[in-house]
Amino acid sequence: MEPVRTLRELSCADDYDPNSLQVERARALIRQFLEPVTAVERVHVRAALGRVLAADVESPIDVPGHDNSAMDGWAVRFADLDPAGTTLRRVGESFAGKPFSGALARGETVRIFTGGVMPQGADTVVMQERATVTADGVRIAAGAVSKAGQNRRFAGEDVKRGATVLRAGQPVRPAEIGVLASLGIAEAPVYRRLRVAFFSTGDELRAIGQELGAGEVYDSNRYTLYGMLTRLGCDVMDMGVVPDVPRALEQAFATAAAAADVVITSGGVSVGEADYVRDLLGKLGEVLFWKIAMKPGRPLAYGRIGNAHFFGLPGNPVAVMVTFYNFVRDALLILQGRRDVAPVPTFKAVLASPIRKAPGRTEFQRGVLTTHADGGYAVRTTGEQGSGILSSMAHANCFIVLPVEAGDLEPGAPVDVQLLEGLI
Ligand code: AMP
Ligand code: MG
């Protein structure tokens, strides 16, 4: 299939049903429109944490820079050792950072500590437990080493000078900033942060701190979105609650799209509200409205407003999180310049509570995963699974992912789970 270039072409593609779109298909459709950011900035290694590398990193040095000792002991010439035991003459010390300046001659040894540079002439280290200092010198026990080179770390064995150690598109995590520091690199090139603007829609929404009137609810979606986006390293622009008033919405969409790479809204895409938002967005950009074959999270809008990507998430708080994990997260990672973006991994657990499900949609139930006595994993649901029950997300540590065709399940059935910890 030819790649689709505009949303209009996409909406005409014949193998696609906007009223019952499978999760995988929607993800693939969105992917075709994602162009990663290209702007690069150089930042201090610590500030690079959570960013994405914009260039390969080659090592300017060998790590370690010198052959050195892997333990506290005695640097020796292997050829000097008698399998029955040997007495050597102590001629000096090599501490980490304070090498022995001479060379080892026949029959000599140097006291050496972990990380100490191997003295010239020495090829092996005898661990200190296998040697005793006597009146005659240093007595190396019989069979203290089995081969030349033992307990010696070689220059460049971690990283060779000139080797590519990190790749463009790699996320910078604690290990990567450590590696950069180990190479003596103070600054790293990273892609600029993504700017993400978001707002909630709905006349019933109140901000925290306000009194709730009849039928009103606190706006929680802006908080979960703030959290999910911040954990992904985005620059966030919280635009508050926008009432269901055409002029206000139009203004909010235009402001958001002009300022951000990605615009995310919640609410206003379900039946009854979508037509109205659709008209508005038709004027400002190109947006498709889908009913995804998933639960929670059926309605979803995706498109472009100006140069910004637009995700119109459902209003229900759990649906916001589930659609974010399934569609927005991947898209943001790709836009950030990540090259290794894969779906969230799933693994099997044994169901410990019954599940009610009708075939036809992928379901993401909230689960509590525990370790079984036999070492495997067991999972139960958090209970009531309504898409408005946000506390279920806080009580869960995983999603139980039930495929489209699955029906009711009884305890003992194997199910797929996705861990929430570390996901975003
Ligand atoms: P909607 O998609 O706008 O029809 O909203 C679906 C449900 O989600 C309604 O019960 C809304 O009150 C609720 N809802 C929408 N937006 C929010 C929000 N930002 N915070 C909490 N609940 C919301
Ligand atoms: Mg609404």
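Counting convention: from 1, in listed order, for ligands and their atoms alike. Predicted model, so just to flag it, every value in this text is computed and none were measured.
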Measure the distances from the heavy atoms of G268 to every atom of ligand 1 and state whether one is below 4.0 angstrom.
->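 Distance cut 4.0 Å: G268 passes for ligand 1.
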Could you tell me if any non-hydrogen atom of G388 lies under 4.0 Å from any atom of ligand 1?
->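 No.
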Straight-line distance of F289 CZ to R278 CZ, nearest 0.5 Å |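 So the CZ of F289 and the CZ of R278 are separated by 5.5 Å.
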Below 4.0 Å, non-hydrogen atoms only: which portion of [X] touches ligand 1? Side chain, backbone, both or neither.
| X | answer |
| --- | --- |
| P317 | side chain |
| S220 | both |
| L205 | side chain |

Specify the protein heavy atom at minimum distance from [atom]: its residue, its atom name, and the distance to 0.1 Å.
| atom | answer |
| --- | --- |
| atom 19 (N) of ligand 1 | D219 OD1, 2.7 Å |
| atom 4 (O) of ligand 1 | S270 OG, 3.0 Å |
| atom 18 (C) of ligand 1 | N221 ND2, 3.1 Å |
| atom 14 (N) of ligand 1 | G315 O, 3.3 Å |
| atom 3 (O) of ligand 1 | E273 OE1, 2.8 Å |

In terms of side-chain geometry, is the basic nitrogen of E24 or R27 positioned less than 4.0 Å from the acidic oxygen of its partner?
->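 Between R27 and E24 there is a salt bridge, with a charged N closer than 4.0 Å to a carboxylate O.
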Would you mind checking if D408 and K357 are paired as a salt bridge, meaning a charged N to carboxylate O distance below 4.0 Å?
->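 Between D408 and K357 there is no salt bridge, as every charged N stays at least 4.0 Å from the carboxylate O atoms.
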Crowded around E405 CD? As in, over 12 foreign heavy atoms under 6.0 Å?
->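 Yes.
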F399/Y325 aromatic ring centres below 6.0 Å =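 For F399 and Y325, the ring centres are under 6.0 Å apart.
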